[in-house]
Amino acid sequence: MIHPLTDRHNRTIDYLRISVTDRCNLRCGYCVPPTPFTHMKHKEILSYEELLRVVKVAVSLGIKKVRLTGGEPFARKGLIPFMEQLSCLDGLEDISVTTNGTLISDKIDVLKKAGLTRINISLDTLRPERFVQITKEDRFEDVIKTLHNAIDAGLAPVKLNTVLLDGINGDELEDFARLTLKHPIHVRFIEYMPIGEGTGPAKSELLAPAILKRLEKLGELTPVTRDAHDGPARRFKLKGALGEIGLISPMSNHFCATCNRIRLSADGHLRPCLLSDTKVSLKEPLRKGADEAAIEQLFRHAASIKGERHNLLDHHVHDMMCAIGG
Ligand code: SAM
């Protein structure tokens with residue numbers, strides 16, 4: 001019988017997000033620090049064998065969903081065979097990925113066969129020239145191909161993640177929202193979070209209340225009833241739209257009371273909260289021979305120190321987003 005992973009605030013943790021690498025082929029200003037930094041060495045990140053062991057224990061504790069993220073998860077070789085291994089685990093119901101979509105436009109069918117159930121694609125602009133300014137790479141068309149191929153492959157719902165910043169892409173809010181009229185996608189506006197050294201308060205972030213006001217001017221906007229697969233997004237639908245709009249508001253209206261997540265960073269730390277530097281090393285005990293029971297205890301300890309809510313408004317998170325896994 002499974003004794004589920006719970007925390008001190010009566011939340012059940014059934015969702016594990018794994019950052020498989022801190023490397024990314026894009027360099028978005030709000031995510032990657034502006035000053036040069038040293039990437040983790042290969043031996044510092046958990047091997048796929050280590051990750052698989054950890055996930056097996058997590059699943060035995062009731063983890064039902066795993067999301068692979070990074071860095072750019074597809075920048076790490078061997079991710080697809082790893083997904084295949086994950087898909088063989090009894091009890092793991094959902095394997096998803098958050099990606100910038102630049103490296104997989106021709107791999108969607110292979111990914112589906114490997115067990116991928118859902119995909120979130122990050123895209124902050126619908127303008128090719130602006131894409132280069134934001135990401136420092138000319139890969140817009142690749143992302144669009146990935147988006148269309150994911151829709152065609154039925155990886156429903158394909159989610160598009162967008163961070164809006166005034167003076168950078170804030171003027172595209174309406175264009176992103178209108179995409180949902182014609183395409184069966186979920187466009188999700190995520191509030192900027194000050195995470196990582198060098199990425200201070202943006203001052204130009206667009207928060208959910210302001211976004212909502214602008215969305216309401218686009219036409220009739222109906223709230224969508226939450227379902228079991230809902231994450232923290234508050235969901236809306238424009239009249240006649242094929243898709244939906246989601247607002248994810250960690251800053252203006254946190255959703256910590258319903259948080260069901262735990263994270264594993266690229267360097268092998270369990271992090272009970274994205275927006276806190278509290279972490280528990282898993283790599284060290286793993287490499288010193290920890291058995292399954294010891295790994296289970298580390299998960300239980302990490303869950304037990306999960307804060308009731310994040311305090312990002314008072315504290316800065318020092319570790320980088322790409323290492324923790326957004
Ligand atoms: N490379 C992958 C991607 O682009 O989706 C996965 C990693 S990325 C860190 C995951 C998500 O975090 C992206 O949607 C990105 O926009 C978001 N993100 C990065 N830095 C952020 C920040 N400071 N505030 C809010 N979201 C952020």
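Just follow the structure's listing: the first ligand is 1, and inside any ligand the first atom is 1. What you see below is based on every heavy atom in this structure, not just the backbone, and it leaves out hydrogens, waters and symmetry mates. One-based numbering along the sequence shown.
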Revision key, fill the gap. If you compare G70, C28, P73, G29 by their heavy atoms, the one closest to atom 8 (S) of ligand 1 turns out to be G70
Check your understanding: For atom 17 (C) of ligand 1, which candidate among R67, M321, R188 holds the nearest heavy atom?
Key ->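 Answer by nearest heavy atom: M321.
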Is the side chain of [X] donor-acceptor paired with the backbone N or O of [Y] at a distance under 3.5 Å, no angle test?
| X | Y | value |
| --- | --- | --- |
| K283 | E44 | yes |
| K136 | I134 | yes |
| R76 | V20 | yes |

Review point. So which bit of L26 gets within less than 4.0 Å of ligand 1, heavy atoms only: side chain, backbone, both or neither?
Key: neither
Review point. Can you tell which part of V163 has a heavy atom less than 4.0 Å from ligand 1: side chain, backbone, both or neither?
Key: side chain
Check your understanding: Quick one: do V54 and L68 end up in the same hydrophobic cluster if we chain Ile, Leu, Val, Met, Phe, Trp and Tyr together by side-chain heavy atoms under 4.5 Å apart?
Key -> yes
Answer yes or no: does an N/O atom from [X] fall short of 3.5 Å to an N/O atom of ligand 1?
| X | result |
| --- | --- |
| Y30 | yes |
| T69 | no |
| M193 | yes |
| E72 | yes |

Ligand-residue contact atoms, ligand 1 with [X], heavy atoms, under 4.0 Å:
| X | result |
| --- | --- |
| T99 | 2 (C), 3 (C), 4 (O), 5 (O) |
| C31 | 9 (C), 19 (C), 20 (N) |
| S122 | 3 (C), 4 (O), 5 (O), 13 (C), 14 (O) |
| G71 | 1 (N), 2 (C), 6 (C), 7 (C) |
| N161 | 14 (O) |
| N100 | 2 (C), 3 (C), 4 (O), 5 (O) |

Exercise for review: Determine, for D109 against K112, whether the closest basic-nitrogen to carboxylate-oxygen distance falls under 4.0 angstrom.
Suggested key: no
Practice item. Tell me yes or no: between the side chains of T98 and R67, is some donor less than 3.5 Å from an acceptor? Key: yes
Practice item. May I ask you to check whether N100 and E72 show a side-chain donor-acceptor distance below 3.5 Å? Key: yes
Review point. With sequence neighbours excluded, what pairs up with D106 under the side chain to side chain donor-acceptor pair (under 3.5 Å) test?
Key: none
Practice item. Report yes if the distance between the aromatic ring centroids of F37 and H39 is under 6.0 Å, otherwise no. Key: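 Between H39 and F37, which both carry aromatic rings, the centre distance is below 6.0 Å.
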